[in-house]
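Structure first, commentary second.
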Amino acid sequence: MSRTRRTFGKDFKAKFVLEALKEKDTIEVLAKKHDLLPNQIST
């Protein structure tokens, strides 16, 4: 089974960046919360 490639809109990206900049949670916690890989956040 193949997975379909997800796309993220500008709104999601903006909210996510603001959440990451607040530094309440670690990158690992944010990645798990949004079902992403930690290296996707750091890039």
Side-chain angles (χ1 to χ4, degrees):
M1 294 186 147
S2 63
R3 291 181 97 183
T4 58
R5 187 179 179 109
R6 295 187 300 170
T7 57
F8 300 101
K10 293 178 185 179
D11 294 336
F12 175 80
K13 290 178 183 180
K15 288 178 186 178
F16 190 84
V17 167
L18 290 175
E19 188 176 348
L21 290 175
K22 288 181 184 177
E23 297 182 355
K24 287 186 177 180
D25 296 324
T26 62
I27 291 177
E28 289 80 14
V29 172
L30 289 174
K32 185 172 270 194
K33 181 179 175 183
H34 295 286
D35 195 31
L36 298 170
L37 296 174
N39 62 351
Q40 290 176 313
I41 298 170
S42 61
T43 56

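As the structure is a prediction and not an experimental result, all values here were calculated from the model.
Scanning both residues, Phe12 and His34, for their nearest heavy atoms gives CE1-ND1, 3.8 Å. Closest non-hydrogen pair, Asp35 versus Arg6, comes out as O-NH2, 2.7 Å. A pairwise comparison of heavy atoms in Ala31 and Pro38 identifies CB-N, 3.9 Å as the closest pair. Ala20 and Leu30 make their closest contact through CA-CD1, 3.7 Å (heavy atoms, listed as atom of the first residue, atom of the second, distance).
Rounding to the nearest 0.5 Å places NZ of Lys13 at 8.5 Å from OG1 of Thr7. The structure places CG of Asn39 at 10.0 Å from CD1 of Ile27, a figure rounded to the nearest 0.5 Å.
Cluster annotation: Phe8 and Phe16 are assigned to the same hydrophobic cluster (Ile/Leu/Val/Met/Phe/Trp/Tyr, side-chain heavy-atom contacts under 4.5 Å, transitive).
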